[in-house]
Amino acid sequence: MPTVNTSLLQAISLSMERAGRQLFANLSFAVSPGEVVQIEGANGAGKTSLLRILAGLAEYGFSGRVHRPYSLLYLGHQPGVKALLSPRENLSWHVSGAGSHSQQEIEAALAAVRLYGYEDVPCNTLSAGQLRRVNLARLYLPAPDLWLLDEPFTAIDRSGVMDLQTRIGQHAEAGGAVILTSHQRITMEQKVRTINLHEAANE
(Lines give C-alpha, C1' and ligand atoms only; values in the text may rest on other atoms or scores of the structure.)
Protein backbone atom coordinates (compact mmCIF):
# COMPACT_ATOMS: atom_id res chain seq x y z
CA MET A 1 0.00 0.00 0.00
CA PRO A 2 1.19 3.58 -0.65
CA THR A 3 2.08 6.02 2.11
CA VAL A 4 -0.53 8.42 3.47
CA ASN A 5 1.25 11.36 1.81
CA THR A 6 0.78 9.90 -1.67
CA SER A 7 -2.29 10.87 -3.70
CA LEU A 8 -3.87 7.89 -5.39
CA LEU A 9 -5.76 10.15 -7.80
CA GLN A 10 -5.78 13.81 -8.77
CA ALA A 11 -8.55 15.48 -10.76
CA ILE A 12 -7.57 18.85 -12.23
CA SER A 13 -10.11 21.38 -13.53
CA LEU A 14 -12.61 18.83 -14.81
CA SER A 15 -15.57 20.31 -16.68
CA MET A 16 -18.37 18.65 -18.61
CA GLU A 17 -21.45 19.80 -20.49
CA ARG A 18 -24.28 17.69 -21.87
CA ALA A 19 -26.97 18.99 -24.23
CA GLY A 20 -25.96 22.55 -23.43
CA ARG A 21 -26.22 22.02 -19.67
CA GLN A 22 -23.22 22.36 -17.37
CA LEU A 23 -22.86 19.17 -15.31
CA PHE A 24 -19.78 20.30 -13.41
CA ALA A 25 -17.07 22.89 -13.94
CA ASN A 26 -13.49 23.42 -12.74
CA LEU A 27 -13.75 20.41 -10.43
CA SER A 28 -10.41 19.67 -8.76
CA PHE A 29 -9.66 17.27 -5.94
CA ALA A 30 -7.15 14.68 -4.79
CA VAL A 31 -7.78 11.35 -3.08
CA SER A 32 -5.25 10.00 -0.59
CA PRO A 33 -4.77 6.53 0.94
CA GLY A 34 -7.33 5.81 3.65
CA GLU A 35 -10.04 8.04 2.17
CA VAL A 36 -13.63 7.21 1.25
CA VAL A 37 -15.14 9.81 -1.09
CA GLN A 38 -18.82 9.91 -2.05
CA ILE A 39 -19.90 11.70 -5.23
CA GLU A 40 -23.32 13.25 -4.62
CA GLY A 41 -25.88 14.66 -7.01
CA ALA A 42 -29.38 14.18 -8.38
CA ASN A 43 -30.19 11.91 -11.31
CA GLY A 44 -28.51 13.28 -14.41
CA ALA A 45 -26.02 15.36 -12.42
CA GLY A 46 -23.08 13.54 -14.01
CA LYS A 47 -22.02 11.14 -11.25
CA THR A 48 -21.49 8.16 -13.54
CA SER A 49 -19.87 10.38 -16.19
CA LEU A 50 -17.41 11.71 -13.62
CA LEU A 51 -16.57 8.22 -12.40
CA ARG A 52 -15.92 7.06 -15.96
CA ILE A 53 -13.65 10.05 -16.52
CA LEU A 54 -11.71 9.20 -13.36
CA ALA A 55 -11.43 5.57 -14.50
CA GLY A 56 -10.08 6.59 -17.91
CA LEU A 57 -13.11 5.21 -19.76
CA ALA A 58 -14.28 8.54 -21.23
CA GLU A 59 -12.14 9.74 -24.12
CA TYR A 60 -14.04 12.92 -25.07
CA GLY A 61 -16.85 15.22 -23.97
CA PHE A 62 -14.97 16.78 -21.07
CA SER A 63 -12.04 19.04 -20.34
CA GLY A 64 -9.39 18.84 -17.65
CA ARG A 65 -6.91 16.19 -16.57
CA VAL A 66 -6.75 13.18 -14.29
CA HIS A 67 -3.62 11.69 -12.78
CA ARG A 68 -4.37 8.13 -11.76
CA PRO A 69 -2.44 4.98 -10.84
CA TYR A 70 -1.48 2.45 -13.48
CA SER A 71 -4.16 0.09 -12.20
CA LEU A 72 -7.46 0.56 -10.40
CA LEU A 73 -10.66 -1.40 -9.86
CA TYR A 74 -13.80 0.00 -11.50
CA LEU A 75 -17.22 -1.55 -10.92
CA GLY A 76 -19.94 0.04 -13.02
CA HIS A 77 -23.63 0.46 -12.29
CA GLN A 78 -24.53 -2.67 -14.28
CA PRO A 79 -23.75 -6.11 -12.77
CA GLY A 80 -20.90 -6.75 -15.23
CA VAL A 81 -21.51 -10.48 -15.13
CA LYS A 82 -21.56 -12.93 -18.06
CA ALA A 83 -24.90 -14.68 -17.74
CA LEU A 84 -23.89 -18.07 -19.14
CA LEU A 85 -20.89 -18.41 -16.83
CA SER A 86 -21.02 -19.41 -13.18
CA PRO A 87 -19.99 -17.03 -10.37
CA ARG A 88 -16.72 -18.96 -10.07
CA GLU A 89 -16.04 -18.65 -13.80
CA ASN A 90 -16.91 -14.94 -13.81
CA LEU A 91 -14.35 -14.25 -11.08
CA SER A 92 -11.78 -16.48 -12.77
CA TRP A 93 -12.11 -14.51 -16.01
CA HIS A 94 -12.23 -11.10 -14.34
CA VAL A 95 -9.18 -8.93 -14.99
CA SER A 96 -8.63 -6.33 -12.27
CA GLY A 97 -4.92 -5.69 -12.67
CA ALA A 98 -4.11 -8.03 -9.82
CA GLY A 99 -3.47 -11.09 -11.95
CA SER A 100 -5.15 -14.47 -11.71
CA HIS A 101 -6.74 -15.63 -8.47
CA SER A 102 -6.61 -19.02 -6.81
CA GLN A 103 -9.72 -21.14 -6.41
CA GLN A 104 -9.40 -20.70 -2.65
CA GLU A 105 -9.45 -16.90 -3.04
CA ILE A 106 -12.47 -17.09 -5.34
CA GLU A 107 -14.41 -19.39 -3.02
CA ALA A 108 -13.64 -17.15 -0.03
CA ALA A 109 -14.79 -14.06 -1.97
CA LEU A 110 -18.07 -15.69 -2.99
CA ALA A 111 -18.66 -16.88 0.57
CA ALA A 112 -18.03 -13.32 1.82
CA VAL A 113 -20.94 -12.05 -0.31
CA ARG A 114 -23.15 -14.94 0.84
CA LEU A 115 -23.04 -16.95 -2.37
CA TYR A 116 -21.79 -20.14 -0.76
CA GLY A 117 -23.46 -23.01 -2.62
CA TYR A 118 -24.00 -20.94 -5.77
CA GLU A 119 -20.40 -21.03 -7.00
CA ASP A 120 -21.05 -23.24 -10.03
CA VAL A 121 -24.61 -22.46 -11.12
CA PRO A 122 -25.16 -20.41 -14.31
CA CYS A 123 -25.54 -16.73 -13.48
CA ASN A 124 -28.67 -16.49 -15.63
CA THR A 125 -30.48 -18.48 -12.91
CA LEU A 126 -29.59 -15.99 -10.16
CA SER A 127 -31.69 -13.09 -8.88
CA ALA A 128 -30.77 -9.45 -9.52
CA GLY A 129 -29.40 -9.17 -5.99
CA GLN A 130 -27.30 -12.30 -6.39
CA LEU A 131 -25.91 -11.05 -9.70
CA ARG A 132 -24.90 -7.85 -7.97
CA ARG A 133 -23.16 -9.89 -5.28
CA VAL A 134 -21.15 -11.76 -7.93
CA ASN A 135 -19.81 -8.42 -9.12
CA LEU A 136 -19.15 -7.20 -5.58
CA ALA A 137 -17.23 -10.39 -4.76
CA ARG A 138 -14.37 -8.82 -6.72
CA LEU A 139 -13.88 -6.47 -3.78
CA TYR A 140 -12.85 -9.45 -1.66
CA LEU A 141 -10.10 -10.54 -4.06
CA PRO A 142 -6.60 -9.02 -4.12
CA ALA A 143 -7.09 -5.75 -6.00
CA PRO A 144 -5.47 -2.37 -6.73
CA ASP A 145 -5.37 0.32 -4.04
CA LEU A 146 -7.96 2.57 -5.71
CA TRP A 147 -11.59 1.46 -6.11
CA LEU A 148 -14.13 3.35 -8.23
CA LEU A 149 -17.64 2.07 -7.48
CA ASP A 150 -20.76 3.26 -9.32
CA GLU A 151 -23.90 2.77 -7.18
CA PRO A 152 -22.49 -0.33 -5.44
CA PHE A 153 -25.48 -0.65 -3.06
CA THR A 154 -28.03 -1.13 -5.86
CA ALA A 155 -30.15 -4.31 -5.67
CA ILE A 156 -28.69 -5.63 -2.42
CA ASP A 157 -30.54 -6.03 0.87
CA ARG A 158 -29.82 -4.31 4.18
CA SER A 159 -27.39 -6.99 5.37
CA GLY A 160 -25.56 -6.75 2.05
CA VAL A 161 -25.29 -2.97 2.41
CA MET A 162 -23.82 -3.37 5.89
CA ASP A 163 -21.36 -6.00 4.66
CA LEU A 164 -20.28 -3.79 1.78
CA GLN A 165 -19.79 -0.73 3.98
CA THR A 166 -17.64 -2.85 6.29
CA ARG A 167 -15.55 -4.06 3.35
CA ILE A 168 -15.07 -0.51 2.07
CA GLY A 169 -13.96 0.54 5.54
CA GLN A 170 -11.49 -2.34 5.74
CA HIS A 171 -9.97 -1.36 2.40
CA ALA A 172 -9.56 2.25 3.55
CA GLU A 173 -8.07 1.18 6.88
CA ALA A 174 -5.51 -0.91 5.00
CA GLY A 175 -4.36 2.18 3.09
CA GLY A 176 -6.55 1.94 0.01
CA ALA A 177 -9.05 4.55 -1.19
CA VAL A 178 -12.60 4.38 -2.49
CA ILE A 179 -14.53 6.81 -4.68
CA LEU A 180 -18.18 5.89 -5.05
CA THR A 181 -21.52 7.19 -6.16
CA SER A 182 -24.68 6.47 -4.19
CA HIS A 183 -28.15 7.94 -3.77
CA GLN A 184 -28.15 6.96 -0.10
CA ARG A 185 -26.16 8.44 2.74
CA ILE A 186 -23.34 6.17 3.82
CA THR A 187 -22.94 5.44 7.51
CA MET A 188 -19.48 4.19 8.37
CA GLU A 189 -17.02 4.44 11.23
CA GLN A 190 -14.60 6.15 8.85
CA LYS A 191 -15.27 9.74 7.87
CA VAL A 192 -16.73 9.94 4.37
CA ARG A 193 -15.80 13.01 2.31
CA THR A 194 -18.48 14.21 -0.08
CA ILE A 195 -18.20 15.99 -3.42
CA ASN A 196 -21.48 17.57 -4.51
CA LEU A 197 -21.83 17.95 -8.29
CA HIS A 198 -24.66 20.47 -7.98
CA GLU A 199 -22.26 22.80 -6.18
CA ALA A 200 -19.54 22.08 -8.75
CA ALA A 201 -21.91 23.00 -11.58
CA ASN A 202 -22.60 26.41 -10.08
CA GLU A 203 -19.12 27.54 -9.13
Side-chain angles (χ1 to χ4, degrees), residues 1-18 22-58 62-77 96-98 132 135-136 138-140 142-156 158 160-203:
M1 290 287 185
T3 64
V4 294
N5 294 322
T6 303
S7 293
L8 289 178
L9 179 140
Q10 288 183 309
I12 304 169
S13 299
L14 293 180
S15 298
M16 185 175 189
E17 290 186 8
R18 181 183 295 152
Q22 189 79 54
L23 297 183
F24 45 86
N26 298 317
L27 181 60
S28 298
F29 61 91
V31 178
S32 300
E35 281 200 287
V36 178
V37 179
Q38 180 178 2
I39 308 297
E40 293 184 332
N43 289 335
K47 299 187 299 297
T48 293
S49 296
L50 174 59
L51 216 61
R52 289 180 59 83
I53 292 171
L54 299 180
L57 298 176
F62 70 96
S63 61
R65 294 176 294 150
V66 179
H67 295 299
R68 65 181 70 83
Y70 289 105
S71 63
L72 53 82
L73 176 63
Y74 172 80
L75 296 187
H77 182 61
S96 66
R132 191 63 173 171
N135 199 28
L136 294 173
R138 293 164 180 161
L139 302 180
Y140 293 84
D145 299 324
L146 179 62
W147 295 354
L148 304 180
L149 311 178
D150 192 7
E151 297 291 347
F153 303 107
T154 298
I156 57 175
R158 181 175 297 180
V161 169
M162 294 176 63
D163 291 344
L164 179 53
Q165 289 188 154
T166 297
R167 180 64 187 125
I168 289 172
Q170 291 170 342
H171 183 65
E173 287 179 356
V178 181
I179 306 174
L180 59 88
T181 66
S182 178
H183 287 290
Q184 64 187 72
R185 178 69 63 176
I186 302 171
T187 55
M188 300 175 56
E189 291 184 5
Q190 291 85 355
K191 182 178 180 181
V192 178
R193 176 158 64 104
T194 59
I195 296 175
N196 190 294
L197 293 189
H198 175 74
E199 295 174 356
N202 293 285
E203 289 184 351

Problem set entry | Heavy-atom pair with the smallest gap, counting every atom of L146 and L8 | CD2-O, 4.0 Å

Problem set entry | M162 atom CE, neighbour heavy-atom count above 12 within 6.0 Å | no

Exercise. Does any non-hydrogen side-chain atom of Q38 lie less than 4.5 Å from one of I195?
Worked result: no

Exercise. Distance from L50 atom CG to I179 atom CD1, nearest 0.5 Å?
Worked result: 8.0 Å

Exercise. So do the side chains of L149 and T181 get within less than 4.5 Å of each other, counting heavy atoms only?
Worked result: no

Exercise. Step by step, would you call E151 with T154 a side chain to side chain contact (heavy atoms under 4.5 Å, CB included)?
Worked result: CA-CA 6 Å; E151 297 291 347; T154 298; 3.4 Å; yes

Problem set entry | Heavy atoms of other groups near H67 NE2, more than 12 under 6.0 Å | yes

Exercise. Do the side chains of R52 and S49 get nearer than 4.5 Å, heavy atoms only?
Worked result: no

For this session: Decide side chain to side chain contact (heavy atoms under 4.5 Å, CB included) for L54 and F29; before the verdict, give the C-alpha distance in whole Å, the side-chain angles of both, and the deciding distance to 0.1 Å.
Result: CA-CA 11 Å; L54 299 180; F29 61 91; 3.9 Å; yes

Problem set entry | Donor-acceptor under 3.5 Å (K191 side chain, V36 main chain) | no

Problem set entry | Stepwise side chain to side chain contact (heavy atoms under 4.5 Å, CB included) test for Q22 and S15 | CA-CA 8 Å; Q22 189 79 54; S15 298; 4.2 Å; yes

Problem set entry | Side-chain heavy-atom pair I39, T194 within 4.5 angstrom cut-off | no

Problem set entry | Nearest non-hydrogen partners of Q165 and I186, listed with the distance | OE1-CG2, 3.4 Å

For this session: Could you grab the distance from atom CZ of F62 to atom CD of E17, nearest 0.5 Å is fine?
Result: 14.0 Å

Problem set entry | Heavy-atom closest contact (L139 atom, W147 atom, distance) | O-CH2, 3.4 Å

Problem set entry | Any V178 side-chain heavy atom under 4.5 Å of V31 side chain | no

Seminar exercise, completed: Heavy atoms of G76 and R132 approach each other most closely as O-NH1, 3.3 Å

For this session: Can you measure from OG (S32) to CG (L9) and round to the nearest 0.5 angstrom?
Result: 10.0 Å

For this session: Check whether any side-chain heavy atom of E40 lies under 4.5 Å from a side-chain heavy atom of L197, and answer yes or no.
Result: no

Seminar exercise, completed: Output for pair (H77 NE2, L51 CG), nearest 0.5 Å, gives 12.0 Å

For this session: For F24 and A45, work out which heavy atoms get closest and say how close.
Result: CD2-O, 4.4 Å

Exercise. For L180 and D150, what are the C-alpha separation, side-chain angles and deciding distance, and is it a side chain to side chain contact (heavy atoms under 4.5 Å, CB included)?
Worked result: CA-CA 6 Å; L180 59 88; D150 192 7; over 6 Å; no

Exercise. Taking all atoms of both residues into account, what is the closest heavy-atom pair of P152 and I156, and its distance?
Worked result: O-CD1, 3.9 Å

Problem set entry | Check: S13 and L27 side chains under 4.5 Å, non-hydrogen atoms | no

Problem set entry | Beyond-backbone contact of L73 with L148, side-chain heavy atoms, under 4.5 angstrom | no

Exercise. More than 12 foreign heavy atoms under 6.0 Å from CZ of R193: is that the case here?
Worked result: yes

